[in-house]
Each structure stands twice: as C-alpha cells, then as structure tokens.
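We're numbering straight along the sequence, starting at 1. Just so it is clear, the structure is predicted and the values come from calculations on it, not from any experiment.
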Amino acid sequence: MSGLVGKDILSAFDFERQDLFRLFILAERLKEEINDFGILNYAVGKLMVTAFFEPSTRTKVSFQFAMKRLGGDVIDFIEEVSSLQKGETEEDTMRILDGYDPDVIVVRHSKPFFPHKVKDMVKAPIINGGDGTNEHPTQALLDVYTIWKELGRVDGVVIGMMGDLKYGRTIPSLSYMLTRFNDVTIYFISPKELQVREEVIKKIEGKVTYYMVEKPEDVMEKLDVLYVTRLQKERFSDPQEYERLKGSYKIERAMLQKFKRLPIIMHPLPRVWELSTDVDDLPQAKYFNQAKNGVYIRAALLKEVLGV
Ligand code: NCD
C-alpha cells in the first residue's frame with residue numbers, strides 16, 4: 001500500500017523521491033484509463049470537498065475533474081455565498097465541513113500556513129492547494145511531472161525560474177521538490193527586489209546548485225526549462241512598486257528567436273503580460289500541456305491519499 005494513504009499534503013517536502021516516481025507512473029496509467037473509459041470507478045462512494053478561500057481556476061477545477069474521473073464525488077464550498085459573510089471564522093467553517101465526513105479536503109487560503117493550522121482540527125486528510133506566499137505543493141507536482149514527461153528525466157536538469165520569486169508560492173514548492181533529484185541547477189531570474197526569500201534558500205542550500213541573476217537573456221542557452229511566473233499583484237502592499245517593477249521582464253517570440261538553443265517554456269498560469277501569446281505556437285511552449293497534466297497527477301495523488 002502507498003505511503004501517502006490518509007496523509008496531509010502540506011509541503012512539497014512531503015513527497016520523497018520514490019513517491020514522486022510512483023505518482024508519475026500512476027498518472028500515466030490513469031491518463032490512459034481516462035482516455036479509454038472517461039470515468040473510472042476507483043473512488044466510488046468517496047467525497048472530496050474543495051474549500052477555496054482565495055480565487056482559483058486550474059487548481060480547483062483540475063482537482064474536481066480528477067476526483068470525478070476517479071469516480072468520486074465533489075462538494076464545492078463557495079466562500080462568497082457562505083456564512084463567512086455573516087462573520088463565521090474560517091476555522092469554524094473548516095470544522096463544519098469536516099463534520100460532514102468528507103474523505104479529503106483541498107484547501108486554499110491567502111494566509112500562509114492556514115492548512116497547517118487547521119489540520120489538527122479536522123479528521124479528513126488536508127491537501128494544500130496554495131497557502132499565501134508559502135507553498136503550492138500540488139502545483140510543484142504537476143510542474144515536475146511535466147519536466148519528467150517532456151525531458152524524460154529530472155536529474156541533472158537546469159531550470160531558470162523567472163518573475164516574482166518573492167511572493168509567488170509555486171517557486172518555493174518547485175524548488176523544494178527539485179531537492180529530491182540529483183544534480184539540479186536553478187537560476188533564480190528576477191529583479192533584485194523580487195528575488196527568492198532567504199527562508200526558501202535555507203531549505204535548498206546544499207541540495208541543489210543555484211544562482212541569482214537579473215536577466216533571462218544571460219542564461220537562456222544554458223537552460224533546459226524556463227519557468228515563467230506573473231507578478232503577484234494581490235500580494236504587493238505598495239501598488240506603486242508593482243507599477244514600477246511591471247515593465248522589468250517579459251518573454252516574447254522575437255526575444256526568444258535570438259537564441260540558438262531554447263529551453264521548454266513553462267508557466268503555472270494565469271499569465272498576465274509577462275509571457276506573450278506570440279510564444280504559444282513555438283514547439284517549446286508547454287504551459288497548456290502543463291495545466292492539463294494537473295488533472296492526471298492530481299488524480300494519482302487523490303487515489304493514493306484516499307487509498308483506493
Ligand atoms: C498559481 C497560484 O495560485 O499560486 N496558480 C495556479 O495555481 N496555477 C500561480 C499564480 O497565481 O500566479
């Protein structure tokens with residue numbers, strides 16, 4: 001039986017190397033089965049609650065698709081029409097949802113460590129669907145799964161992570177997950193003000209090789225993967241700082257075509273202005289495949305956590 005049965009998934013560090021390879025293989029198998037049969041019957045009789053206290057498209061919907069594809073059912077808690085509007089706390093809300101006995105709860109919150117805080121108040125396993133600027137472990141799962149599919153390996157990969165490395169939560173989780181592989185090199189590419197946080201560096205120190213650079217042009221031809229992220233506008237306390245940094249980087253087709261060798265291009269999405277739509281039909285553009293991979297890898301994760 002899998003080591004993830006009944007486990008809370010709060011951090012990318014909750015996955016060991018062997019868990020990751022097992023999930024990748026399972027995701028590939030589920031993809032084929034889903035293509036053949038549409039809806040499977042592994043999770044019949046199981047219920048998943050999605051409790052998102054912050055906006056989401058891909059994470060929530062791909063979890064819902066994943067659960068339905070497994071044959072399970074989904075209850076979506078919608079904040080805007082809930083008793084939170086009457087002043088109920090989010091902690092009480094979580095207790096109530098858990099009291100209805102779901103088999104798993106996926107939670108997203110703007111406060112870092114919210115899932116860690118509520119995990120002991122609830123019986124169901126909690127999956128972190130993004131907690132403020134802290135982490136987004138299942139995004140890292142689909143990111144690394146995409147790298148593994150596209151490049152055929154993760155060991156030895158050279159990746160440039162570009163954009164808002166300070167506030168973007170996909171960056172810590174992806175960096176942490178890459179420590180489970182050998183000989184990984186990360187170039188953190190951003191204006192100095194948006195560089196990756198010290199607490200993140202501390203956790204990867206000695207486990208990957210990393211460099212901090214300001215311009216993607218300087219490292220482009222060394223990269224196997226360029227991982228672009230948006231400026232996290234909602235997390236800037238000073239709107240003027242957002243405006244000032246806004247123009248500081250953008251990936252466009254004309255800029256890419258100057259290079260002899262191009263990496264695959266990934267993005268957790270949503271993109272705003274940092275990744276031009278004229279890149280979309282380059283063969284290296286993988287972000288829509290990446291988003292789609294989210295359904296299969298989340299189905300694999302749910303299957304293991306549910307123990308079905
Ligand atoms: C990311 C998130 O929510 O952190 N989105 C996602 O889940 N794909 C990235 C972002 O919002 O920039």
Side-chain angles (χ1 to χ4, degrees), residues 12-13 20 133 135-137 139-232 245-269 271-276 279 282-287 290:
F13 282 126
L20 296 170
T133 55
E135 275 212 55
H136 195 346
Q139 178 69 42
L141 208 50
L142 75 95
D143 295 341
V144 176
Y145 174 48
T146 302
I147 295 171
W148 177 80
K149 275 172 81 79
E150 293 295 335
L151 304 180
R153 67 188 165 95
V154 186
D155 290 330
V157 81
V158 181
I159 179 168
M161 299 187 195
M162 178 183 135
D164 188 344
L165 311 182
K166 182 175 173 192
Y167 296 116
R169 58 190 164 205
T170 66
I171 299 295
S173 285
L174 179 53
S175 305
Y176 300 159
M177 199 170 277
L178 288 172
T179 67
R180 299 301 195 217
F181 297 87
N182 304 322
D183 305 319
V184 169
T185 302
I186 305 177
Y187 287 92
F188 292 114
I189 309 166
S190 85
K192 284 205 176 65
E193 297 88 328
L194 296 179
Q195 261 300 352
V196 66
R197 297 189 302 271
E198 195 50 41
E199 81 210 44
V200 178
I201 294 296
K202 280 206 185 106
K203 293 190 194 168
I204 62 167
E205 195 85 68
K207 298 178 183 141
V208 298
T209 305
Y210 69 88
Y211 304 93
M212 292 183 187
V213 296
E214 279 187 55
K215 294 208 170 80
E217 292 87 332
D218 297 342
V219 292
M220 192 70 81
E221 287 179 348
K222 295 188 182 146
L223 303 178
D224 300 312
V225 180
L226 176 63
Y227 186 93
V228 185
T229 64
R230 75 181 170 95
L231 286 203
Q232 306 281 303
L245 291 171
K246 207 175 143 182
S248 55
Y249 60 93
K250 183 168 185 184
I251 297 296
E252 289 171 306
R253 197 182 178 103
M255 171 266 198
L256 290 174
Q257 279 172 337
K258 289 188 293 200
F259 299 99
K260 282 205 258 334
R261 172 178 185 262
L262 281 181
I264 61 165
I265 298 169
M266 296 175 57
H267 193 308
L269 304 175
R271 66 169 151 196
V272 196
W273 40 262
E274 69 287 346
L275 178 59
S276 168
V279 176
L282 287 182
Q284 289 86 1
K286 299 296 179 192
Y287 27 96
Q290 183 187 348

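Listed for the R197 side chain is a donor-acceptor partner under 3.5 Å among the backbone atoms of T133. For R230 (side chain) and V272 (main-chain N/O), no donor-acceptor pair under 3.5 Å exists by modelled atom type. A distance-only check finds no donor-acceptor pair linking the side chain of D224 to the backbone of V157 [under 3.5 Å].
Looking at Y145 and Q290, their side chains never come closer than 4.5 Å, going by heavy atoms from C-beta outward. In this structure the side chain of V158 never reaches within 4.5 angstrom of the side chain of V225, judged on heavy atoms. Two residues are said to be in side-chain contact when any heavy atoms from C-beta on lie closer than 4.5 Å; E274 and L231 fail this criterion. Using a 4.5 Å cut-off on side-chain heavy atoms (C-beta onward), H267 and I251 make no contact. Between D143 and M266 there is a side-chain heavy-atom pair separated by less than 4.5 Å. Using a 4.5 Å heavy-atom threshold, the side chains of L178 and M161 count as touching. Using a 4.5 Å heavy-atom cutoff, the side chains of L226 and I189 are in contact. Looking at F188 and I171, their side chains come closer than 4.5 Å, going by heavy atoms from C-beta outward.
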CA sep, side-chain torsions, deciding dist, call: E221, K260, side chain to side chain contact (heavy atoms under 4.5 Å, CB included): CA-CA 7 Å; E221 287 179 348; K260 282 205 258 334; 3.7 Å; yes
Step by step, work out the side chain to side chain contact (heavy atoms under 4.5 Å, CB included) result for H136 and L174. CA-CA 8 Å; H136 195 346; L174 179 53; over 6 Å; no
Mind running side chain to side chain contact (heavy atoms under 4.5 Å, CB included) on V228 and R271 for me, showing each step along the way? CA-CA 9 Å; V228 185; R271 66 169 151 196; over 6 Å; no
Take T179 and E205 through the test side chain to side chain contact (heavy atoms under 4.5 Å, CB included) and record every step on the way to the result. CA-CA 9 Å; T179 67; E205 195 85 68; over 6 Å; no
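Using a cutoff of 4.0 Å between basic side-chain nitrogens and carboxylate oxygens, K215 and E217 are not scored as salt-bridged.
The line from CG of L275 to CD1 of I265 is 7.0 Å long, rounded to the nearest 0.5 Å. Interatomic distance, L194 CG to M162 CE, rounded to the nearest 0.5 Å: 11.0 Å. The structure places OG1 of T170 at 7.0 Å from CD of Q232, a figure rounded to the nearest 0.5 Å. Interatomic distance, Y210 OH to S175 OG, rounded to the nearest 0.5 Å: 11.0 Å. Distance CG/L245 to NZ/K192: 12.5 Å, rounded to 0.5 Å. Expressed to the nearest 0.5 Å, how far CG of L20 lies from CE of M177 amounts to 5.0 Å.
L256 and V279 make their closest contact through CD1-CG1, 3.9 Å (heavy atoms, listed as atom of the first residue, atom of the second, distance). Annotation for Y249 and T229: closest pair OH-O, 3.3 Å, computed over non-hydrogen atoms. Among all heavy-atom pairs drawn from K250 and S276, the shortest one is CE-CB, 4.2 Å. Taking both residues in full, the closest heavy atoms of P172 and R169 are given as CD-O, 3.3 Å, listed atom of the first, atom of the second, then distance. Summarising the geometry of P137 relative to S173, their closest heavy-atom pair is N-OG, 3.4 Å, with the distance given to 0.1 Å. Closest heavy-atom contact between D155 and N182: OD1-N, 2.7 Å.
Between the side chains of Y176 and E135, no donor-acceptor pair of N or O atoms lies under 3.5 Å.
Each of M255, K258, R261 was checked for a side chain to side chain contact (heavy atoms under 4.5 Å, CB included) with M220, and the lone residue meeting it is M255.
Note: Y211 and Y187 have parallel aromatic rings, judged against thresholds of 30 and 60 degrees for the angle between ring planes.
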